[in-house]
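What follows is a set of notes on a single structure, which appears directly below.
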Amino acid sequence: MNYVSTRNSGLNMSAAQAIVKGLAPDGGLMTPGVLPRLPSNAFSSMKNMNYQQRMVYVMGQFLSEFSAAELSRYAAAAYGGNKFSDPAVAPIHAVDDNTFCLELWHGPTCAFKDMALQMLPHLLSASLEKTLEKKTVCILTATSGDTGKAALEGFCDVDKTKIIVFYPKDGVSDIQELQMVTQEGGNVNVCSVIGNFDDAQTGVKKLFSDKELAETLAQRGYLLSSANSINWGRVLPQVVYYVSAYCDLLKEGRIAVGERVNVCVPTGNFGNILAAYYAKCMGVPIGKLICASNSNNVLTDFIETGVYDRNRKFYNTLSPSMDILVSSNLERMLFELSNHNDALVRDYMKRLNETGCYEVSESLKKALHTTFASGCCSDEQTTAAIAKMWSEHHYLIDPHTAVAFHVLEQYRGKTGDSTPCLVASTASPFKFCAAVLHALGVSDVKAGTDILDQLSELTGVEVPAPLAALKNKQRRFSGVSEKEHMIDQVLDMLK
Ligand SMILES: *Cc1c(COP(=O)(O)O)cnc(C)c1O
């Protein structure tokens, strides 16, 4: 299968090349030239498969240069053994008769980033081989929390890869820092940067654009790359859980063959909900895609009005992984909804870059309204949604998931649409103990890892094993870097 740039559909490459490159040379995102359709017997074939087998089935439709045997190997390494605490990998929790929570946080870091970042390293390592690239790839990432740890776990001891994660000294929670500095593996490095997330992010961007550094590293046999969510190798594994969830709903008799379900996704960079859209295009009977935002509600306004405007106040919210004003993966959506009109996408992205704002055409607005619904949720509403879910259903959810549940309720109230809905649950509540405890009425929260037990004792819900294990882990990394000296860390690790 061919992949094309969203800014030039004449520019095409293979899947392996797209995964190695990450970004198209023209700044666009690499995207399938044609979206595959699932064969008509797909659901009956997949119904009795396990998650790993469904992954091979679905990813195989997009990755013609990868054999089923190869994909099976990666699926086993990524999701098999005891990597995920639930053998279903992405199990469904029925909240009521037509509301189903798709739990995407049973992986090693307890956040949905694991679903893709467990698979990406295998795809990347194999793609290097297929494109005859001899160098070892080194992933550089700046993180505000979830992504860094998930990338470390995913790349840990994967052949032909190394990874360095920079995090802001004062910008992550105690638990998040502990998760990173206790990371195991012979090919990993973690370093804090004095400053905030922007300082770390800017520092990493500088390293990527440093030509002299690239040359030095090339001589040493290394190639820098990023594990960013615009890489096709991160989007594709996410398509699988929507297909798989539909199979599970069928299998459990929750829905009839061919019955539609809506999907509600707490959205930041637009990767997760884009994957649901691709599943819909492949033939999964998905109705509305409900895009849920926090107070950074650029996407809510965009879907409603067709105007994307990032010139607005930025809020730090209780759902920090969605605190984003520019959702990169939206570009792929515009490309699809405009029937691959690359000139149009190029124009919108140019406007976004120059003015922070663009307005889409009337036909695109129509297409947006047909496919999507949207809504947003304040911190107060997030807190209330956590409390309500606990008191009414005895089900504990994290603040990101709470945003989705609030927006779903808003949508159902407004439209009267009672279609069964799948809600993407993107983090374990134990990753955001303080916010969850506050929502449950506790004002005096404990410090460090004690907060995990505090939430567990209050609710009777078990602490996920990877977080419980933090108490006994050795701190392996204590590096602190000035933002001007991050390059030394890189040169030191890649000798
Ligand atoms: C990354 C993340 C999101 C946002 O997902 P996108 O694919 O960027 O839209 C939502 N919730 C959590 C917990 C996340 O880590």
Side-chain angles (χ1 to χ4, degrees), residues 1-6 9 12-16 18-19 29-68 70-72 75 90 102 115-116 119 123 232-251 255-263 265 270-289 329 331-342 345 363-364 366-368 370-372 419-420 422 424:
M1 169 182 284
N2 260 334
Y3 285 75
V4 299
S5 164
T6 47
S9 42
N12 59 82
M13 48 177 93
S14 68
I19 291 167
L29 310 188
M30 298 311 298
T31 297
V34 181
L35 289 175
R37 294 279 305 179
L38 288 169
S40 56
N41 63 354
F43 295 113
S44 55
S45 308
M46 271 187 287
K47 219 164 89 171
N48 293 315
M49 293 182 183
N50 67 16
Y51 190 83
Q52 291 86 318
Q53 292 165 323
R54 289 173 184 168
M55 172 134 246
V56 175
Y57 189 107
V58 174
M59 293 214 322
Q61 318 272 330
F62 289 88
L63 301 175
S64 37
E65 324 128 78
F66 292 70
S67 70
E70 284 175 291
L71 293 177
S72 302
L102 176 59
M115 300 301 302
M119 177 54 72
L123 291 176
W232 178 249
R234 261 189 80 174
V235 177
L236 179 55
Q238 299 182 351
V239 177
V240 178
Y241 49 74
Y242 289 107
V243 180
S244 176
Y246 193 83
C247 294
D248 284 338
L249 289 175
L250 275 178
K251 189 173 172 180
I255 52 170
V257 173
E259 187 174 349
R260 277 182 183 222
V261 295
N262 291 340
V263 173
V265 185
F270 212 79
N272 199 356
I273 196 166
L274 175 75
Y277 173 76
Y278 285 140
K280 180 178 161 90
C281 295
M282 290 178 80
V284 180
I286 291 174
K288 281 278 187 221
L289 296 163
N329 265 308
E331 183 169 343
R332 287 193 166 104
M333 189 75 237
L334 296 171
F335 186 67
E336 292 305 327
L337 287 183
S338 68
N339 297 316
H340 294 196
N341 189 335
D342 51 1
V345 174
S363 64
L364 258 177
K366 213 177 263 166
L368 273 174
T370 310
T371 311
F372 290 93
T419 307
L422 201 58

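In what follows, residues are counted from 1 in the order of the sequence shown.
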Drop me the distance from [X]'s [atom1] to [Y]'s [atom2], to the nearest 0.5 angstrom.
| X | Y | atom1 | atom2 | value |
| --- | --- | --- | --- | --- |
| Thr371 | Leu337 | OG1 | CG | 5.0 Å |
| Glu331 | Ser5 | CD | OG | 7.0 Å |
| Leu249 | Leu422 | CG | CG | 6.0 Å |
| Met333 | Leu368 | CE | CG | 7.5 Å |

*For Tyr57, what residues pass the ring-ring contact (aromatic ring centres under 6.0 Å, His included) criterion, not counting sequence neighbours?*
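With neighbours one apart ignored, the set is empty.
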_List the residues meeting ring-ring contact (aromatic ring centres under 6.0 Å, His included) with Phe62, not counting sequence neighbours, and say none if there are none._
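In terms of ring-ring contact (aromatic ring centres under 6.0 Å, His included), with neighbours along the sequence ignored, Phe62 is linked to Trp232.
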The criterion is side-chain contact (heavy atoms from CB on, under 4.5 Å); which residues satisfy it with [X], sequence neighbours excluded?
| X | answer |
| --- | --- |
| Lys366 | none |
| Asn12 | Asn2, Val4 |
| Ser338 | Asn341, Leu344, Val345, Leu364 |
| Ser67 | Ala69, Glu70 |

_Minimum heavy-atom distance Ala90-Tyr51, with the two atoms named_ =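 Scanning both residues, the minimum pair turns out to be CB-CE1, 4.2 Å.
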*Heavy-atom pair with the smallest gap, counting every atom of Gln52 and Ala75*: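 Answer, listing the atom of Gln52 first, then Ala75: CG-O, 3.6 Å.
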*Could you please spell out the steps behind the side-chain contact (heavy atoms from CB on, under 4.5 Å) verdict for Ile19 and Tyr3?*
CA-CA 10 Å; Ile19 291 167; Tyr3 285 75; over 6 Å; no
*Any salt bridge (charged side-chain N to carboxylate O under 4.0 Å, His left out) involving residues 49-60? Give me the pairs, sequence neighbours left out, ordered by first then second residue.*
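Qualifying pairs, neighbours excluded: Arg54-Asp248.
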*Evaluate the ring planes of His340 and Phe335, with Trp represented by its six-membered ring, and classify them as parallel (under 30°), tilted (30 to 60°) or perpendicular (over 60°).*
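Ring orientation of His340 relative to Phe335: parallel.
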*With distance as the sole test, does Glu65 use its side chain to make a donor-acceptor pair with the main-chain N or O of Ala15 at under 3.5 Å?*
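Such a contact is found between Glu65 side chain and Ala15 backbone.
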*Flag, side chain of Ser64 to backbone of Met1, donor-acceptor distance under 3.5 Å*: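 Pair found, side chain donor or acceptor close to backbone of Met1.
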*Taking only residues at least two apart or on different chains, which pairs with a member in residues 29-49 satisfy ring-ring contact (aromatic ring centres under 6.0 Å, His included)?*
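Sorted result for residues 29-49: Phe43-Tyr246.
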Using a 3.5 Å cut-off and no angle test, enumerate the donor-acceptor pairs between side-chain atoms of residues 273-289 and protein atoms at least two apart in sequence or in another chain.
from: Lys280; atom 1: NZ; to: Ile286; atom 2: O; distance (Å): 2.8
from: Lys280; atom 1: NZ; to: Gly287; atom 2: O; distance (Å): 3.0
from: Lys288; atom 1: NZ; to: His369; atom 2: O; distance (Å): 2.8
from: Lys288; atom 1: NZ; to: Thr370; atom 2: O; distance (Å): 3.0

Donor-acceptor pairs are to be reported for all side-chain atoms of residues 235-242 against protein atoms at under 3.5 Å, with residues two or more places apart or in another chain.
from: Tyr241; atom 1: OH; to: Asn272; atom 2: OD1; distance (Å): 2.7
from: Tyr242; atom 1: OH; to: Asn272; atom 2: OD1; distance (Å): 2.8

*Is there a side-chain contact (heavy atoms from CB on, under 4.5 Å) between Met59 and Met119 once you walk through the steps?*
CA-CA 11 Å; Met59 293 214 322; Met119 177 54 72; 3.9 Å; yes
*asked:* Quick test of your reading: applying side chain to side chain donor-acceptor pair (under 3.5 Å), list the pairs with at least one residue in residues 31-48, sequence neighbours left out, ordered by first then second residue.
replied: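 Listed by first then second residue: Thr31-Arg332.
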*For Glu336, all residues meeting salt bridge (Lys or Arg N to Asp or Glu O under 4.0 Å), sequence neighbours excluded*: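 Listed in chain order: nothing, the list is empty.
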